[in-house]
Amino acid sequence: MSGNTPGNDAFRAELNKFIASSKEDGTLDAVITHWIKGGPAVPFEEPKNLDKSNPVRCALCVNVAPVSFVGDGGRWDGMDPEIVRRFAASIGRPVEFIYQDVGSANISLQAGMVDIMAACLYATEERKKSIDFSDNYYLCHPGFFTKDAAAAVRMTVWDRLKMSLVTEQRWKLITGGLVKTLVITLFSILLGTVLGAGVCAMKRSRRRWVRSLIKGYGAFIQGTPVLVVLLIMFYVIFAHSGLSGTVVAIFTFALFFAWSSGNIFDNSISYVPKGQTEAGLSLGFTPFKTFTGIVFPQALKRGLPMYAGECVSLLKSTSIVGYIAIVDLTRASDLIRSRTFDALIPLLIITITYFVLAWIVRSLLNLLLIKK
């Protein structure tokens, strides 16, 4: 079953019209037979004159063959993606696929951030109050899964590694997720550090209202889960801003990192005796030179280990960005696991990757500490 943006009757009418015409000319049955029963593929080539400025945004909630799955080179294949591609081409538009869990996809759909949600959902009366379902295009026959005890004997660790990384070039999912994780982490740290300097300045301000304002900000940051704020930022505040999930994630994590880094800066500066500042000023140094030449080096030595710990903590926190359709390291692992049904190897791969990344971050920041 597929749901489309609530209230968009014209779009649903186009979708239902396509389903009806495809059933009538036999195309839909042929596509389903190809993917479900292994029949011959149905020739299809997307037109070149599609309106690329207005893609059909489709949230896919299933990563299991043959319904929908990530194939070679990260391309989405399967019954649902092909049907959606054919429908989009029939109305002169390309397709933009994103992978989300059902809950997140439902939010995206109702917020108008996607046009179609393909999730193999049953069209219950309760769900119809929130989602506009298309006409049925395939009736499935659910089954149950049981453990295959002999599988562990048939497959070696090397076989499982090849299945998780080499088959269909799945290693590209890991490397792509790694890049996305590093981008979000790095820019969140940079922006959060700049904002953290502002937090530190506000905490040390002589104006009471400024200190009260930053105290309220801190109470909000400390009392609200990162995931909740991330979801609100993406699905509510910036829902129609056109900003990518990556940008929203960077901004959200930077807000949280700003508070923790600002506290580190404030505590580190407070650690330096006031007599050091007074001595510098008495020697004729300007306040700026006193701070940069006397206070800051001592504060840096004190605060850098805690700052490194917060950077590592931020790196690990980025594992939740999959909730807003970002394919980071953790989401890449989910895609591979749901494709191979191997629960262990993909998790081990990203566990080791996160460990190595955290070690590199700590080592680089510790080098700064040694040089100081």
Side-chain angles (χ1 to χ4, degrees), residues 183-239 241 243 245-278 280-281 285-321 323-324 361-362 365 368-369 372:
V183 167
I184 293 174
T185 301
L186 176 60
F187 284 97
S188 296
I189 290 174
L190 293 176
L191 179 58
T193 300
V194 174
L195 295 176
V199 168
C200 177
M202 293 179 72
K203 286 173 68 72
R204 305 179 72 83
S205 174
R206 295 180 180 180
R207 295 179 174 84
R208 184 175 180 180
W209 69 269
V210 174
R211 296 197 303 272
S212 298
L213 182 65
I214 200 61
K215 186 177 180 180
Y217 170 73
F220 173 78
I221 292 296
Q222 290 176 310
T224 311
V226 183
L227 176 58
V228 173
V229 177
L230 181 64
L231 292 175
I232 292 174
M233 286 288 189
F234 185 71
Y235 292 115
V236 181
I237 297 177
F238 295 110
S241 65
L243 295 177
T246 301
V247 174
V248 174
I250 290 172
F251 179 70
T252 303
F253 284 116
L255 290 179
F256 280 81
F257 190 78
W259 176 252
S260 57
S261 61
N263 279 327
I264 292 172
F265 299 157
D266 181 45
N267 293 332
S268 299
I269 293 172
S270 298
Y271 169 78
V272 180
K274 292 184 178 180
Q276 301 274 0
T277 301
E278 295 171 354
L281 294 174
F285 293 157
T286 63
F288 178 77
K289 191 170 184 180
T290 300
F291 177 79
T292 57
I294 298 176
V295 177
F296 180 73
Q298 297 180 67
L300 179 64
K301 188 173 183 179
R302 167 80 175 186
L304 197 55
M306 292 181 288
Y307 181 81
E310 289 298 327
C311 290
V312 172
S313 179
L314 173 61
L315 167 67
K316 294 184 292 184
S317 296
T318 61
S319 61
I320 65 174
V321 298
Y323 282 95
I324 59 172
V361 170
R362 283 189 180 277
L365 291 174
L368 289 177
L369 185 61
K372 295 297 179 181

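All figures in this text were calculated on a predicted structure; none of them were measured in a lab.
- Of all non-hydrogen atoms in Phe253 and Ser188, the two that sit nearest each other are CB-OG, 3.5 Å.
- For the atom pair CG (Asn267) and NZ (Lys203), the distance works out to 7.0 Å, reported to the nearest 0.5 Å.
- In terms of heavy atoms, Ser261 sits closest to Ala258 at OG-O, 3.3 Å.
- Checking side-chain atoms of Ser313 against main-chain N and O of Gly309 turns up no donor-acceptor pair under 3.5 Å.
- One N or O on the side chain of Arg211 and one on the backbone of Ser205 form a donor-acceptor pair closer than 3.5 Å.
- Shown here for Ile189 and Tyr307, the closest heavy-atom pair between the two residues is CG2-OH, 3.5 Å.
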Go through it in stages, so that I can follow the logic: the residues are Leu191 and Phe257, the test is side-chain contact (heavy atoms from CB on, under 4.5 Å), and I'd like the CA-CA distance, side-chain angles, deciding distance and then a yes or no. CA-CA 9 Å; Leu191 179 58; Phe257 190 78; over 6 Å; no
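- Taking each heavy atom of Thr224 and Phe256 in turn, the nearest pair found is O-CE2, 3.5 Å.
- Among all heavy-atom pairs drawn from Val361 and Cys311, the shortest one is CG1-CB, 3.9 Å.
- Contact annotation: the side chain of Val321 approaches that of Ile184 to within less than 4.5 Å [non-hydrogen atoms, C-beta and beyond].
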Could you go through Phe234 and Leu243, starting from their C-alpha distance and side-chain angles, then the distance that decides it, and tell me whether this counts as side-chain contact (heavy atoms from CB on, under 4.5 Å)? CA-CA 9 Å; Phe234 185 71; Leu243 295 177; over 6 Å; no
Please evaluate residues Leu255 and Met233 with respect to the criterion side-chain contact (heavy atoms from CB on, under 4.5 Å), reporting the C-alpha separation (whole Å), side-chain torsions for both, the decisive distance (0.1 Å), and the verdict. CA-CA 11 Å; Leu255 290 179; Met233 286 288 189; 3.6 Å; yes
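- Of all heavy-atom pairs spanning Leu314 and Thr185, the tightest one is CD2-O, 3.9 Å.
- Remark: Arg204 pairs with Cys200, Asp266, Ile269, Ser270 by the side-chain contact (heavy atoms from CB on, under 4.5 Å) rule, at least two apart or across chains.
- At most 12 heavy atoms of other shown residues, nucleotides or ligands fall within 6.0 angstrom of atom CZ in Phe187.
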